[in-house]
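In what follows, a single structure is set out as C-alpha cells and then discussed.
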Amino acid sequence: MDPVVGIDIGGTAIKAGRLGPQGEPQPAAARPTLIENGAADLCDRLADWARELGARAPLGIGVPGVFAPGTRTLVESPNLPALEGCDLRLEVAQRLGWAPECIAIDNDANVAALGEARLGAGRNAGDLAMVTLGTGVGGGFVFGGQIFRGGLGQGAEVGHLFVHDRERCDEPCGCGRWGCLESFASATAAMRRARRAGLTDDLSALCAAAREAPGPARELLVAIGEDLGRGLAQVLVLLDPPTFVIGGGFGAALDTLLPGIRAGIAERDFAQRHPQIVAATLGADAGWIGAACLAQSEGVRAN
Ligand SMILES: [Zn+2]
C-alpha cells in the first residue's frame, strides 16, 4: 500500500504526517497556521507541504468548522474565519494539479474520531462516539467504520447539546445560546468554573488536587463530569454507542471526571446503560491520522 498523507489544520498549528505501507503513523513536525496571511497563502503552503511529504492522491485534510450543506465549502470556522467561503479541497487540488475528488476533507472532530476508531483507543471497539474537551467541546461519531455526518453533514455537534437552563449558566455558549454542554465541560469552562470557586485555574494542578484528597477540587471535577454525563446520556438515548472516547487537553483528566460522568449518565439514561468510556490515545496526532484514514477510504486515486 502506498503511503497516505494526512493534514490537520488547527487555529495556531498545522499537523501532518504519513501512514506508511503497514499503516504505521509517521508524523512530521508541526508548522504554524499563520492564517493572518490569508486563505490563498495557506492553500499554497498546504500544497507545498503535501508535495514535500511525497503525497500522491488521495490526500486527507481535517479543518475546524462547518461545511455548507452538501458541499465542501466552509461556512463557519470560528478559529479560522479567513477560511469561511473557501472551498479548501478545490483550492489545494488545483495547486497540486489534481481533481478535487482526490482530496478527502472533513471537520477536525470527525477526522479525529476516525483516527481513534481505526488506529487509537477505539481500534477494537466497533461503533464509537468521540468527545473532545478543548477550547470547546467537539464530537465525532464513527458507525460501521465510517464517519457519521448526518443528513447535511452538520451532525455530531455534541458541544451544543442542551444540559442546563439559563439560570444555571455563568455565560452564554460561543454559539450565542444558553445552556450548551460546551459552556459547562470544555477546558475553557472548567477554568472559568475553577476561578469562580476560588480554586486554581491551572487544570493539571486542579486535577492533581482532585486526585489527592476529597475537597472542593474533587467536588468541582465531579460536577463538571456530571454535566458531561448529562450530555453523553443524550447521545446514548439517541444513538446507543457502546464506546465513548474522550480526547482533547482536558480529556487527560478523564480519571477525575469519570465518577461524575457515570453519575450524570445514570441520572439521565432511562435504560441505565454502562458504556465503555476510554481516554483517547493518539493525542494531537489523531486529526492528521484520521484525515489520512479518510483519504484511504474516500479519496480517489489520481490516474
Ligand atoms: Zn452552543
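Just follow the structure's listing: the first ligand is 1, and inside any ligand the first atom is 1. Numbering of residues begins at 1 and proceeds along the displayed sequence. Excluded from the calculations below are hydrogen atoms, water molecules and symmetry mates; all remaining heavy atoms, backbone and side chain alike, are included. Keep in mind that this is a model prediction, so the values were computed, not measured.
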query = Is Ile265 close to Ile277 at the side-chain level, that is, under 4.5 Å between some pair of heavy atoms?
reply = yes

query = Which value, rounded to the nearest 0.5 Å, describes the distance between Cys169 atom SG and His164 atom NE2?
reply = 8.0 Å

message = I'd like to know if Arg51 pairs up with Asp48 as an ion pair, taking the criterion as any Lys NZ or Arg NE/NH1/NH2 lying under 4.0 Å from an Asp or Glu carboxylate oxygen.
response = yes

request  = For a salt bridge (Lys or Arg N to Asp or Glu O under 4.0 Å) with Arg193, tell me which candidate from Asp227, Asp201, Asp170 qualifies.
outcome  = Asp227

task = Look up atom CG in Leu42 and atom CD in Glu36, then write down how far apart they are to the nearest 0.5 Å.
result = 10.5 Å

task = Could you please tell me which protein N, O or S atoms lie under 2.8 Å from the Zn ion (ligand 1)?
result = His160 ND1, Cys173 SG, Cys175 SG, Cys180 SG

inquiry  = As a test of understanding, state which of Leu254, Val278, Leu236, Ile261 forms a side chain to side chain contact (heavy atoms under 4.5 Å, CB included) with Phe244.
reply    = Leu236

